[in-house]
Protein chains: 2
Amino acid sequence: MSSIRYALLTLLAREPLSGYDIKLQMNGRLGPFWKVGSNQVYPELSKMEAEGLVKLQGVEQLTYRPAKKLYEITPSGRDVLVQWTLEPAGVENVRDDFLLKAFNSWLIEPDQMKAQVEAIRKQHEERLAEYTAKIAELTPRVDPSNPHDPLASTISVVDFGVRYERLYLDWCDHLLKNV
Amino acid sequence: MSSIRYALLTLLAREPLSGYDIKLQMNGRLGPFWKVGSNQVYPELSKMEAEGLVKLQGVEQLTYRPAKKLYEITPSGRDVLVQWTLEPAGVENVRDDFLLKAFNSWLIEPDQMKAQVEAIRKQHEERLAEYTAKIAELTPRVDPSNPHDPLASTISVVDFGVRYERLYLDWCDHLLKNV
DNA sequence: TTGTCCATGTAACCAGTTACATGATTAC
DNA sequence: GTAATCATGTAACTGGTTACATGGACAA
């Protein structure tokens with residue numbers, strides 16, 4: 001897995017953002033993505049600024065509020081991002097505690113397992129609803145004549161999320177039948 | 001995400017293993033799981049031994065080879081594992097570099113993206129074949145009369161893997177159509 | 001002779017989480 | 001008066017990756 005560096009550049013390639021904005025976009029649910037903490041975002045932005053991948057576009061100061069530092073991507077930052085995007089990717093392992101718990105289901109009673117599956121199923125149902133709503137919101141705003149519309153890329157990724165949540169629900173149903 | 005501690009106990013609950021065996025089982029592909037390095041396994045086993053979750057069952061010494069330390073789970077280790085398995089789980093984020101690259105697809109040419117998708121698709125196809133073979137191998141060995149057969153739990157998890165790889169392939173095909 | 005397998009382990013480093021700190025403002 | 005939001009940042013800790021070290025056996 002690569003550093004969060006590319007995740008930051010990915011968002012900045014679309015629009016100028018502050019560290020705080022980046023945190024919101026990542027920890028909110030624009031796609032089934034990363035989480036980041038402030039301790040990663042702010043130092044990384046400073047580093048990238050020093051390396052010229054990003055530059056301070058301006059500071060928004062609303063008197064009573066802390067100053068907001070808006071960063072924009074530089075041409076060289078964009079190059080680095082494009083370069084990375086073109087590098088071949090590898091398969092990532094799924095790391096999900098619930099899979100490990102399911103692997104241990106033989107240790108517990110079927111009723112207990114059933115309760116566990118139902119609990120996780122509910123949470124994934126909620127995510128599915130969020131992703132579906134997001135797709136419904138974005139789809140009419142895509143410009144189909146533009147092969148470089150970022151929204152189309154966003155939808156592809158959220159679509160992955162929808163498919164993933166559906167798979168999770170199907171799998172849960174399958175477990176419930178066999179338990 | 002929880003510590004590898006539970007991953008180690010999960011494997012030891014089924015059979016006594018050495019640190020090396022654990023590494024092989026995890027980094028090989030019994031399920032779509034964790035990877036671990038020796039630097040995590042050996043110290044963690046020592047810690048767990050000190051806490052009485054695990055104990056040294058014996059040492060296998062084949063003259064010319066390094067001594068192999070076999071650990072087995074203790075009743076208290078089993079308790080801890082069962083307790084953890086019964087704790088409610090949360091939804092885990094999918095963290096896959098390729099999703100981030102797909103999110104950047106608007107930055108590159110459709111042809112370049114097509115090549116990227118085809119490359120990752122191939123790798124996921126291979127994984128699917130592995131998982132399918134694993135299921136075919138395990139299924140006839142399950143004891144259906146035993147509701148606590150660990151093999152059934154293993155199959156459930158590998159089945160998740162199969163479904164996941166199918167989803168990935170479908171999604172790739174969908175991308176290839178729209179690019 | 002170069003490399004891989006066996007089996008243990010250590011060292012150095014990078015990534016990620018949780019918690020804390022500031023300080024004004026708004027909402028309950 | 002308590003908590004949340006905005007926006008920056010630091011500190012301490014845990015988790016994870018990569019590389020290295022030993023040393024005999026065996027295969028290309």
Side-chain angles (χ1 to χ4, degrees), chain A residues 1-9 11-12 16-28 33-51 54 56-71 84 90-97 100, chain B residues 1-9 11-12 16-28 33-51 54 56-71 84 90-97 100:
Chain A
M1 208 121 16
S2 74
S3 65
I4 52 140
R5 177 169 213 114
Y6 297 111
L8 304 189
L9 287 176
L11 294 182
L12 289 169
L17 292 167
S18 69
Y20 190 75
D21 294 334
I22 290 174
K23 252 183 68 186
L24 287 186
Q25 287 204 20
M26 293 221 162
N27 299 352
F33 271 150
W34 276 253
K35 285 206 171 169
V36 274
S38 18
N39 66 105
Q40 287 188 279
V41 173
Y42 296 114
E44 193 65 36
L45 279 173
S46 303
K47 257 187 255 170
M48 291 199 296
E49 198 193 359
E51 292 170 40
V54 137
L56 205 55
Q57 195 205 38
V59 176
E60 197 181 294
Q61 179 71 64
L62 294 175
T63 60
Y64 60 86
R65 282 209 202 140
K68 183 174 179 166
K69 296 159 79 176
L70 278 174
Y71 290 92
W84 175 78
V91 258
E92 223 64 68
N93 284 341
V94 178
R95 275 152 157 279
D96 185 331
D97 274 4
L100 204 51
Chain B
M1 207 120 15
S2 75
S3 63
I4 52 138
R5 180 169 210 113
Y6 297 111
L8 303 190
L9 286 176
L11 294 182
L12 289 169
L17 293 167
S18 70
Y20 190 75
D21 295 334
I22 289 174
K23 253 183 67 186
L24 286 188
Q25 287 204 19
M26 293 220 162
N27 300 353
F33 271 150
W34 275 252
K35 285 206 173 169
V36 275
S38 19
N39 65 106
Q40 289 188 279
V41 173
Y42 296 114
E44 192 64 36
L45 280 173
S46 303
K47 257 187 254 171
M48 291 200 295
E49 198 192 359
E51 293 171 39
V54 137
L56 205 57
Q57 196 205 38
V59 177
E60 199 181 293
Q61 180 70 65
L62 294 175
T63 59
Y64 61 86
R65 284 211 201 139
K68 182 176 183 166
K69 295 159 78 175
L70 278 174
Y71 289 92
W84 175 78
V91 260
E92 224 65 68
N93 284 342
V94 178
R95 275 153 158 280
D96 186 329
D97 273 4
L100 204 51

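Labels below follow one simple rule: chain letters A, B, ... track the order of the sequence lines, proteins then strands, and each chain is numbered from 1.
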Point to revise | Minimum-distance nucleotide to B/Asn39 side chain [options: D/dT8, C/dA7, D/dT17] | key: D/dT17
**Study point:** Whole angstrom value for the distance that separates P of C/dA15 from CE of A/Met26
**Key:** 14 Å
Review point. Rounded to whole angstrom units, what separation is found between the NZ atom of A/Lys69 and the C1' atom of D/dC6?
Key: 16 Å
Revision key, fill the gap. Taking every heavy atom of B/Leu45 against every heavy atom of B/Gly19, the minimum-distance pair comes out as CD1-CA, 3.6 Å
Exercise for review: Let me know the distance between CZ of B/Arg5 and P of D/dG16, rounded to the nearest Å.
Suggested key: 13 Å
Practice item. Just do the side-chain contact (heavy atoms from CB on, under 4.5 Å) check on B/Glu44 and B/Val36 with the steps written out, would you? Key: CA-CA 11 Å; B/Glu44 192 64 36; B/Val36 275; over 6 Å; no
Check your understanding: To the nearest angstrom, how far is A/Lys47 atom NZ from C/dA15 atom P?
Key -> 7 Å
Study note, to complete from the structure: Minimal heavy-atom distance between B/Gln57 and B/Pro16, with the atoms involved, is NE2-CG, 3.6 Å
Practice item. Write down the distance between NZ (B/Lys23) and C1' (C/dC6), rounded to a whole number of angstrom. Key: 10 Å
Study note, to complete from the structure: Among the nucleotides D/dG15, D/dG9, C/dT10, whichever has the atom closest to the side chain of B/Ser38 is C/dT10
**Study point:** Spacing of B/Leu24 atom CG relative to C/dC5 atom C1', expressed in whole Å
**Key:** 10 Å
Practice item. Would you mind telling me which of C/dT17, C/dT8, D/dT8 lies closest to the side-chain atoms of B/Tyr20? Key: C/dT8
Check your understanding: What integer distance in Å separates B/Arg95:CZ from C/dT17:P?
Key -> 6 Å
Point to revise | Distance in angstrom units between B/Tyr42 OH and D/dT22 C1', rounded | key: 13 Å
Review point. Pick the nucleotide of DNA chain C nearest each of A/Glu44 and B/Ser18; which residue has the one closer to the 5' end?
Key: B/Ser18
Review point. Which listed nucleotide (C/dG9, D/dT8, C/dT17) is nearest to the side chain of A/Lys68?
Key: D/dT8
**Study point:** Sidechain N-carboxylate O distance under 4.0 Å for A/Glu49, A/Lys69
**Key:** no
